[in-house]
Protein chains: 2
Amino acid sequence: MTGKVTSLDVAKRAGVSRSAVSRVFTPGASVSAKTAAKVREAAEALGYRPNALARAMLTGRSKIIGLVVAYLDNHFYPTILELLSCALEREGYHVLVFMAGRDSEDVDTVVEQILDYQVDGLVLGSVGLRSDLAERCRASGVPVVLFNRRIEADGQLAVVSDSHAGGRMAAEHLIGIGCARIGHIAGWDGASTQKDREAGFLEGLENAGMRLFAREVGDFRFARAKEAARRMFRQTPRPDGVFVANDYMAFGVIDVLRAELGLSVPGDVAVIGFDDVPSAAWPAYALTTIRQDPEAMVAATVSALVTEIGGGIAHPPDPLPVTLVRRRTA
Amino acid sequence: MTGKVTSLDVAKRAGVSRSAVSRVFTPGASVSAKTAAKVREAAEALGYRPNALARAMLTGRSKIIGLVVAYLDNHFYPTILELLSCALEREGYHVLVFMAGRDSEDVDTVVEQILDYQVDGLVLGSVGLRSDLAERCRASGVPVVLFNRRIEADGQLAVVSDSHAGGRMAAEHLIGIGCARIGHIAGWDGASTQKDREAGFLEGLENAGMRLFAREVGDFRFARAKEAARRMFRQTPRPDGVFVANDYMAFGVIDVLRAELGLSVPGDVAVIGFDDVPSAAWPAYALTTIRQDPEAMVAATVSALVTEIGGGIAHPPDPLPVTLVRRRTA
DNA sequence: CAAAGTCGTGCAAACGCATGCAAAGGAGAT
DNA sequence: ATCTCCTTTGCATGCGTTTGCACGACTTTG
């Protein structure tokens, strides 16, 4: 029954002071090899490990990063979470996860709760942040990085892909394969990601002297995307090409097209998505899509985070390049 | 520039003692309405929020639950994570996530790190736990619940579905639809989940006087499962029905069958999975599968956790019932 | 051999909060 | 008006660390 074993217990057993054992567990502190050995042995015998909370209180560094994310059903985010968690562990940080509903009111309370834990940094995936909270974070010295979202307020670090270019590439591809009536199934209109992808897409159409043939909103939700597809393809003539704002919705759209409406993809209608989630490569869909690079995105995120935590001032990362992955739906 | 605002600052501004403000933020403490109002106002003005770490140190309750999980590419686990996080937030807890590689050495160091954070509880998804660490947890009074895994050592809380029954149902279903040469693509042989599912499956075959026609190991990995499928279906005569140990692998198997080998599912070979992840319902696969109930599983997990944290002794939950979801692959 | 420098160690003060205990305040009863 | 009892409040202590400062021992240099 070890119960709670503190540094004092170890100190007594090793015949040294609390400071000594503390220094043994603090990399870069000045300890002689002999006492270090004694302390290590005593610690081992007692099963002692430093209390991370106490350390955090004193040093002001909790070594924990808050992550708030709205949903995990879009496979893009689990991928990110896994990558991010591993990358941060490598830097000695750990991830405290908070689920925020889609409504921003929820986000606020959740962010406040996160701050209570004295996190060293905050990454916001798939959600926005009220500016006063951003202000509070800045005041507390907690760096915030927006993931896959920009925000109007400047001075905010944001890691994003070049959604505008991606949207344009989607348009050019659909046009290139001969689509004449091109539709768009949008995500959530409040998201910068949506706006940028769509703006680029429209620009691509315009450059070719075309305009959008149909538009519906799927809100980045699976069920909504299917409804959007049903609405869009009820009319005649129907679109012969559609850009869906992310892969996750694209799966739903393709399901409706093939399974409900009996249409052939890409025979009757070409579909292109955005993200390149792992399942996009599965033969059942073989989804043509605009690829975001998850590794690069999390690398940029942790890089920005650690430089800001270190007291440096990270310069806002450039939008990361995207690439067209041509498969069989467009 | 609020910097760090402590309870003392609030106390001064409200003209009361630190204790008073502490009590205002401690539910169930005795404070008069008048001072509560003063304190609340002062706190609001200063942007004060109690430091969760300091509180945790003093009370011994960090209100954080550690979750260690090996991978997130199998969609079952993101679903669980989302559900679990939401359920725990409702109880006032938060989730500290640790990714553990598949090797158990990694798991050990990760669990030690988690314990450093004085977590109130620990849930281990898709990984095992060395018995000495389990012992250490018990000594520290940290309840541990194994999720979707049993372990030989008794006294361990484990939330599992009735894998045995599920395996049997899979066998009975394949037999019922007329399969004569039945194969099994296994997950990782070290996992109790695998053992139980397979044992039930074999029992189901045996009850019908049949035996396993082929067996390959997919290790719960997507790529491995595809390789396993290629090996299994190289031989002739080939199986006409296969039970894949989880849905995630089943998608890979079906891909190989249809896209690489040109076989019809279920025409040439019936496939049944396990889990019923959301994408199993997508028409592109329409996977027949044995459904685990994620809500029930996390409910059981949370329930066990909170009673143990509360000092009670949770009785090991019964294996949760599974159901056959018949779709179009078997 | 003495002075100066280096290295290792202990002491004590923080970090921000919760809580038992005692004192103070108020209300009600006689 | 006095006594009792209950509610509210302040004081002080402690949670498990890290770390600046000072002191002792030991090594180096002149």
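Lettering follows sequence order; numbering is per chain, from 1.
Nucleic acid contact for A/Arg49: sugar-phosphate only, since backbone atoms but no base atoms lie under 4.0 Å from a heavy atom of the residue. Counting any heavy atom pair closer than 4.0 Å across all strands shown, A/Ser30 reaches a base atom.
Evaluation of the side-chain contact (heavy atoms from CB on, under 4.5 Å) rule for B/Ala299 yields no partner, not counting sequence neighbours. Among residues two or more places apart in sequence or in another chain, the side-chain contact (heavy atoms from CB on, under 4.5 Å) test is passed with A/Ala296 by A/Asp293, A/Leu320. Looking at residues two or more places apart in sequence or on another chain, you find no ring pair (Phe, Tyr, Trp, His ring centres under 6.0 Å) involving A/Tyr93. Checked against ring pair (Phe, Tyr, Trp, His ring centres under 6.0 Å), B/Phe147 has no partners two or more places apart in sequence or in another chain. Remark: B/Arg18 engages no residue in a salt bridge (Lys or Arg N to Asp or Glu O under 4.0 Å) (not counting sequence neighbours).
Residues from residues 17-25 of chain A that place a heavy atom under 4.0 Å from any atom of DNA chain D, listed by number: A/Arg18, A/Ser19, A/Ser22, A/Arg23.
Counting only distance, with no hydrogens or angles, the side chain of B/Asp120 and the backbone of B/Ser62 share a donor-acceptor pair below 3.5 Å. Judged by distance alone, the side chain of A/Glu89 and the main-chain N or O of B/Met99 form a donor-acceptor pair under 3.5 Å. Checked by atom type and distance alone, the side chain of B/Ser7 never pairs as donor or acceptor with a backbone atom of B/Val21 at under 3.5 Å.
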Give every donor-acceptor pair under 3.5 Å between a side-chain atom in residues 301-316 of chain A and any protein atom, sequence neighbours left out.
{"residue": "A/Thr301", "atom": "OG1", "partner": "A/Met297", "partner atom": "O", "Å": "2.7"}
{"residue": "A/Thr307", "atom": "OG1", "partner": "A/Ala304", "partner atom": "O", "Å": "3.2"}
{"residue": "A/Glu308", "atom": "OE2", "partner": "A/Ala314", "partner atom": "N", "Å": "3.1"}

Can you give the donor-acceptor pairs under 3.5 Å from side chains of residues 23-33 of chain A to other protein atoms, not counting sequence neighbours?
{"residue": "A/Thr26", "atom": "OG1", "partner": "A/Ser22", "partner atom": "O", "Å": "2.8"}
{"residue": "A/Ser32", "atom": "OG", "partner": "A/Thr35", "partner atom": "N", "Å": "3.3"}
{"residue": "A/Ser32", "atom": "OG", "partner": "A/Thr35", "partner atom": "OG1", "Å": "3.0"}

Identify all side-chain donor-acceptor contacts of residues 43-50 of chain A below 3.5 Å with residues at least two apart in sequence or on another chain.
{"residue": "A/Arg49", "atom": "NH1", "partner": "B/Glu112", "partner atom": "O", "Å": "3.3"}
{"residue": "A/Arg49", "atom": "NH1", "partner": "B/Asp116", "partner atom": "OD1", "Å": "3.3"}
{"residue": "A/Arg49", "atom": "NH1", "partner": "B/Asp116", "partner atom": "OD2", "Å": "3.0"}

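A nucleotide of DNA chain D counts as in contact with chain B when one of its atoms lies under 4.0 Å from a heavy atom; the first and last such, 5' to 3', are D/dT8 to D/dG16. On the nucleic acid side, DNA chain C has its first and last nucleotide under 4.0 Å of a heavy atom of chain B at C/dG16 to C/dG20, going 5' to 3'.
Across its full length, the helix from C/dC1-D/dG30 to C/dT30-D/dA1 shows an angle of 40° between the axes of its 5 terminal pairs at either end, rounded to 10 degrees.
Nearest-nucleotide positions on DNA chain D place B/Ala36 closer to the 5' end than the other of B/Ala36 and A/Ser7.
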Q.
Under the criterion side-chain contact (heavy atoms from CB on, under 4.5 Å), I'd like the reasoning laid out for B/Leu115 against B/Cys137: C-alpha separation, chi angles, the key distance, then a yes or no.
A. CA-CA 8 Å; B/Leu115 292 179; B/Cys137 290; 3.9 Å; yes
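The pair B/Asp9-B/Lys4 does not count as a salt bridge, with every side-chain nitrogen at least 4.0 angstrom from each carboxylate oxygen.
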